[in-house]
Amino acid sequence: MISLPHKPILGFGSKNIQRFSSSISKHFAQMARSALDEMSDSGAFIRTASTFRNFISRDPSSQFPAEVGRYHLYISYACPWASRCLAYLKIKGLDKAISFTSVKPKWERTKETDEHMGWVFSALGTEELGAEPDPLNGAKSIRELYELASTNYAGKYTVPVLWDKKLKTIVNNESSEIIRMFNTEFNDIAENAALDLYPPHLQAQIDETNEWIYNGINNGVYKCGFAKKQGPYEEALKHLYEALDKCEEILGRQRYICGNTLSEADIRLFVTLIRFDEVYVVHFKCNKKLLHEYPNLFNYTKDIFQVPGMSSTVNMQHIKQHYYGSHPSINPFGIIPVGPDIDYSSPHDRERFSS
Ligand SMILES: N[C@@H](CCC(=O)N[C@@H](CS)C(=O)NCC(=O)O)C(=O)O
């Protein structure tokens with residue numbers, strides 16, 4: 001379903017999103033302006049759905065056709081959801097066709113006239129290695145991009161943002177959909193077009209795996225970290241470690257999470273695992289067991305990190321500065337723990353499963 005640009009729309013899967021949104025709205029008097037506000041009465045963290053849901057298509061006559069140089073990906077290196085998209089850009093060989101910019105790691109005031117804290121661009125490109133000014137719109141913040149794309153947007157100002165330079169609007173701000181577009185729709189342009197991370201014969205298995213990994217792990221760590229009551233925290237922690245134990249067991253039998261070929265499910269799992277020991281263990285209280293205490297999961301994380309292109313998507317300084325510095329309700333003094341400084345480029349044992 002395609003609709004006019006310049007408006008936040010519910011496109012693909014809109015029925016599900018509407019159903020989800022209406023149940024969410026029972027919990028919120030108004031749209032959450034930050035992940036830290038997404039809270040139910042019971043103190044559990046509940047993530048709201050993304051809003052811009054248009055699709056880029058390989059069909060040249062579509063509203064958003066795949067074209068070299070037309071789209072721009074705004075990310076934060078700190079953000080696992082944005083990092084999924086950057087990972088696709090790198091491993092599919094799309095980084096010459098689709099440009100990208102990372103914001104500064106630590107949230108700042110996005111406007112002088114209110115208190116909102118969020119992603120801002122570097123003013124000069126020299127303050128933090130990796131963070132740059134907005135090259136397209138000269139925006140000061142990600143919030144400004146949402147306001148350019150829609151005059152009545154009232155949701156969160158999240159990354160990733162997939163921006164259309166031609167229509168000057170947001171195409172899509174939902175990472176799970178952006179990676180699907182990058183996998184298939186740019187294959188006439190991609191340097192690594194043959195890499196299919198969502199091949200037809202694995203799609204059902206990938207979807208099923210994504211579901212429990214998202215609930216238990218990707219979003220599970222946030223449910224632990226943003227819980228405001230002991231019960232929801234403990235419940236999220238239980239599910240998190242059940243899912244990690246399940247991964248450990250699967251990865252004792254095969255190289256990747258859906259078999260012996262790299263798939264979308266691996267990229268989605270990796271972005272959480274790489275942040276686990278450095279951030280989630282301390283900041284989100286996911287400390288029942290460390291990732292490096294799981295031999296298969298730890299070696300698997302190194303294996304994915306060493307896929308050509310992947311290591312350039314991991315900026316541990318941005319990751320640590322963001323989490324420890326942007327959530328004062330969790331870490332009031334913004335102290336960044338020094339350790340454990342794990343070397344993910346060290347040898348791993350995963351070749352033993354090579355097909
Ligand atoms: N569903 C979105 C989630 C993106 C998301 O939550 N991004 C976070 C950073 S990790 C964000 O930008 N948060 C801004 C805020 O909460 O104000 C996706 O997967 O693309």
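We count ligands from 1, going down the list as the structure has it; atoms in each ligand are counted the same way.
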If you measure from each heavy atom of [X] to ligand 1, is any distance below 4.0 Å?
| X | value |
| --- | --- |
| Gly118 | no |
| Ile142 | no |
| Tyr323 | no |

| When the aromatic ring centroids of His72 and Tyr74 are compared, is their separation below 6.0 Å? |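 Centroid distance His72-Tyr74: below 6.0 Å, so yes.
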Is the Trp107-His116 ring centre distance short of 6.0 angstrom?
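When the ring centroids of Trp107 and His116 are compared, they turn out to be at least 6.0 Å apart.
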Which ligand 1 atoms are under 4.0 Å away from a heavy-atom of [X]?
| X | answer |
| --- | --- |
| Trp119 | 9 (C), 11 (C), 12 (O), 13 (N), 14 (C) |
| Pro160 | 20 (O) |
| Tyr222 | 10 (S) |
| Cys79 | 7 (N), 9 (C), 10 (S) |
| Asn173 | 20 (O) |

Please check whether [X] reaches ligand 1 - meaning an N/O of the residue sits under 3.5 Å from an N/O of the ligand, judged on distance alone.
| X | result |
| --- | --- |
| Glu174 | yes |
| Val159 | yes |
| Ser175 | yes |
| Arg84 | no |
| Arg47 | yes |

Q) Hey, are the side chains of Glu147 and Lys111 touching, using non-hydrogen atoms and a 4.5 Å cut-off? A)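 Result yes, sub-4.5 Å side-chain heavy-atom pair found.
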Less than 4.0 angstrom from a charged side-chain N to a carboxylate O is my criterion; do Arg180 and Asp207 meet it?
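Between Asp207 and Arg180 there is a salt bridge, with a charged N closer than 4.0 Å to a carboxylate O.
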Against the six-membered ring of Phe298, is Lys302 placed for a cation-pi contact (under 6.0 Å from the centre, within 45° of the normal)?
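Yes, Lys302 and Phe298 form such a contact.
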* Asked: Is there a path of hydrophobic side-chain contacts, each under 4.5 Å between heavy atoms of I, L, V, M, F, W or Y residues, that connects Phe305 with Leu195?
  ->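 Hydrophobic grouping puts Phe305 with Leu195.
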Query - Modelled atom types, side-chain donor and acceptor of Tyr146 and Thr158, under 3.5 Å - result: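 There is such a pair (donor and acceptor under 3.5 Å, judged by atom type) between the side chains of Tyr146 and Thr158.
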Heavy-atom closest contact (Arg255 atom, Glu351 atom, distance):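 Nearest pair, atom of Arg255 first, then Glu351: NH1-CA, 3.9 Å.
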Practice task
Could you tell me whether Tyr74 approaches ligand 1 through its side chain, its backbone, both or neither, with non-hydrogen atoms closer than 4.0 Å?
Solution key: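 No part of Tyr74 is near ligand 1 at this cut-off.
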Using the ring pair (Phe, Tyr, Trp, His ring centres under 6.0 Å) rule, pick out the option among Phe226, Phe284, Tyr233 that qualifies with Phe45.
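Checked Phe226, Phe284, Tyr233 against Phe45; only one passes ring pair (Phe, Tyr, Trp, His ring centres under 6.0 Å): Phe226.
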